[in-house]
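We count ligands from 1, going down the list as the structure has it; atoms in each ligand are counted the same way. Treat the numbers as computed from the prediction; the structure is a model and nothing was measured. Count residues from 1 along the sequence.
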Amino acid sequence: MGDLYLASEKRYEKMTYNRVGKSGLKFPAVSLGFWHNFGSKDNYDNMKAMCRKAFDLGITQFDLANNYGPVYGSAEENAGRILQEDFRPYRDELVITSKAGYDMWPGPYGDWGSKKYLTASIDQSLSRLQLEYVDIFYHHRMDPETPLEETMEALASIVHSGKALYAGISNYNEEYTRKAAAIMKELHCPLIVNQRRYSIFDRTIEEDGVKKGCKEIGMGIIAFSPLAQGLLTDKYLHGIPSDSRIARDHRFLKESALTPERLHQIDELNHLALERGQTLAQMALSWILKDDEVASVLIGASRPEQIEENISIVDHLDFTEEEIRKIDEISLK
Ligand SMILES: NC(=O)c1ccc[n+]([C@@H]2O[C@H](COP(=O)([O-])OP(=O)(O)OC[C@H]3O[C@@H](n4cnc5c(N)ncnc54)[C@H](OP(=O)(O)O)[C@@H]3O)[C@@H](O)[C@H]2O)c1
């Protein structure tokens, strides 16, 4: 795909943009993540086609992390190449994010939350991404051993050095989120967002206080794996398609997730979605955005058509009380 890319002139006609907490930044209602399908063994033309499709539909946020691949770093390298080839004229229209906090390189300095790790990792990410700055740099997970002050001080110094515009946290529980926000306030650094898993099948942020707590402290939430990695679609209702995540990548989603109970729930949710005039994927995404507390659903995709299907939720986010009750009845039993 060596052809010249010109973004669609209609790219801002459909998407909606939501403020991230009390910050000045807005997220597209749907953002695109590079965790899967952007690694060294994946098809480069397909990655590029997904990025073009996403941006043409108003998806202005691409989410990365240092170790997305496999191999670690390769998603950032591929993103860097795509950004150079296609998106240089559009850099100021894009929010590019990266993270550090999980296993990245060998030895004691390539994991968790030390200043040593985060400071080196952002430089590596910027080099792979061929960028001067990322828009948000996240600490990827809580580190129970490193003082939170040190991790936050690392994020703040990365922001103050201009290598990131905003700081974020991911997988932080309510207690750590509140403490992190307080420390960052002292450091005069905007900690604007907590990236957490959230879907009809994973209600943890409703139960652990993060959904409510972030709103109280003015921090935004972006929901990752909103389709439960593809379970919240109709694709597994009649077996395992050979081009699905379960068939192609056994790292994080396994066939054992498809229990008879789970498949029954998926089937019932699918019927409900069709009654609403949506696909199950669309209903699952709309459900997350229905009450204004989540700024964006952070989807993954394996092909451009999925992105097209998923963004059309933006004009159908309303649910009746009866629909919400039914979704709870099906998914919480
Ligand atoms: N902060 C963290 O710790 C963390 C952790 C995980 C993820 N994330 C972020 O969240 C992003 C999304 O995570 P995810 O990939 O698990 O999200 P997801 O949206 O729950 O699942 C994405 C997968 O669902 C399938 N899919 C998507 N749209 C579909 C449609 N319309 N119809 C049928 N199937 C569809 C595709 O899989 P097939 O291959 O089956 O087609 C796609 O790869 C990641 O890329 C990453 O940026 C962050």
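The protein heavy atom nearest to atom 44 (C) of ligand 1 is W35 CB, 3.3 Å. Considering only non-hydrogen protein atoms, atom 19 (O) of ligand 1 sits nearest to G300 N, 3.2 Å. Of the protein's heavy atoms, N310 ND2, 2.9 Å lies nearest to atom 28 (N) of ligand 1. Looking only at protein heavy atoms, the nearest one to atom 37 (O) of ligand 1 is K235 NZ, 3.6 Å. Of the protein's non-hydrogen atoms, the one nearest atom 36 (C) of ligand 1 is Q306 OE1, 3.5 Å. Of all protein heavy atoms, the one lying nearest to atom 10 (O) of ligand 1 is F224 CB, 3.2 Å. S170 OG, 2.8 Å is the protein heavy atom nearest to atom 1 (N) of ligand 1. The protein heavy atom nearest to atom 15 (O) of ligand 1 is R245 NH2, 2.7 Å.
A side-chain donor from one of D63 and T97 sits under 3.5 Å from a side-chain acceptor of the other. With 3.5 Å as the limit, one finds no donor-acceptor pair spanning the side chains of D143 and Y117. Under the 3.5 Å distance criterion, with hydrogens and angles disregarded, a donor-acceptor pair is assigned to the side chains of R203 and S331. Residues E93 and Y12 have side chains that bring a donor and an acceptor to within less than 3.5 angstrom of each other. Using a 3.5 Å distance cut-off with no hydrogens or angles, the side chains of R262 and Q265 do pair a donor with an acceptor. Remark: the Y5 side chain and the D56 side chain contain an N/O donor-acceptor pair separated by less than 3.5 Å.
Under 4.0 Å from ligand 1, not a single heavy atom of R197 appears. Of all the heavy atoms of Q229, the ones lying under 4.0 Å from any atom of ligand 1 are found in both the backbone and the side chain. When heavy-atom distances to ligand 1 are checked against a 4.0 Å cut-off, A281 comes that close only through its side chain, counted from C-beta outward. Within the 4.0 Å heavy-atom criterion, neither part of R141 lies near ligand 1. For N37, every heavy-atom contact with ligand 1 shorter than 4.0 Å involves the side chain, none the backbone. Proximity of F34 to ligand 1, defined as any heavy-atom pair under 4.0 Å, is confined to the backbone N, CA, C and O atoms. Residue contacts with ligand 1 for L32 are absent, since no atom lies close enough (heavy atoms, distance under 4.0 Å). Looking at A301 against ligand 1, only its backbone comes within 4.0 Å, counting heavy atoms. Residue R303 touches ligand 1 through its side chain alone, judged by heavy-atom distances below 4.0 Å. Contact annotation for P226 and ligand 1: heavy atoms of both the backbone and the side chain come within less than 4.0 Å of the ligand.
Tracing side-chain contacts under 4.5 Å through hydrophobic residues (I, L, V, M, F, W, Y), one never reaches L289 starting from V20; they form parts of separate clusters. Cluster membership for L6 and L94, using ILVMFWY side-chain heavy atoms within less than 4.5 angstrom, is shared.
If you check each of S225, S31, G33 against atom 16 (O) of ligand 1, the one with the closest non-hydrogen atom is S225. Around atom 47 (O) of ligand 1, the closest heavy atom drawn from L253, D63, L298, D243 belongs to D63.
No side-chain heavy atom of E145 sits less than 4.5 Å from a side-chain heavy atom of W112. Side-chain contact between I299 and P226: present, with at least one pair of heavy atoms (C-beta onward) separated by less than 4.5 Å. Side-chain atoms of I327 and F319, non-hydrogen and from C-beta on, do get closer than 4.5 Å to each other. Looking at M47 and N37, their side chains never come closer than 4.5 Å, going by heavy atoms from C-beta outward. At least one side-chain heavy atom of P144 sits under 4.5 Å from a side-chain heavy atom of Y176. Proximity of L191 to Y172: side-chain heavy atoms (C-beta onward) are nowhere separated by under 4.5 Å. For the pair E268/K333, a side-chain contact is recorded, criterion being any heavy-atom separation below 4.5 Å from C-beta on.
Applying the 4.0 Å criterion to heavy atoms of S244 picks out, from ligand 1, the atoms 39 (O), 40 (O). Atoms of ligand 1 found under 4.0 Å from any heavy atom of Q195 (numbered from 1 in listed order, with element): 1 (N), 2 (C), 4 (C), 8 (N), 9 (C), 48 (C). Taking every heavy atom of H140 and a limit of under 4.0 angstrom, the matching atoms of ligand 1 come to 1 (N), 2 (C), 3 (O). Proximity to Y68 (heavy-atom distance under 4.0 Å) selects the following atoms of ligand 1: 4 (C), 8 (N), 9 (C), 46 (C), 47 (O), 48 (C). Close approach of ligand 1 to R248 is summarised as follows: ligand atoms under 4.0 Å from at least one heavy atom of the residue are 39 (O). Those atoms of ligand 1 that come under 4.0 Å of a heavy atom in A228, given as number and element, are 20 (O). Near N171, meaning under 4.0 Å from one of its heavy atoms, ligand 1 places the atoms 1 (N), 2 (C), 3 (O). Within the listing of ligand 1, atoms 12 (C), 19 (O) sit less than 4.0 angstrom from a heavy atom of I299.
By the 3.5 Å distance cut-off applied to N or O atoms, H36 is not counted among the residues near ligand 1.
Because its NZ or CZ atom is both nearer than 6.0 Å to the ring centre of Y133 and within 45° of the ring axis, R91 counts as a cation-pi partner of that residue.
Exactly one residue among R128, Q124, Q130, R81 makes a side-chain hydrogen bond (donor to acceptor under 3.5 Å, both in side chains) with E76. That residue is R128.
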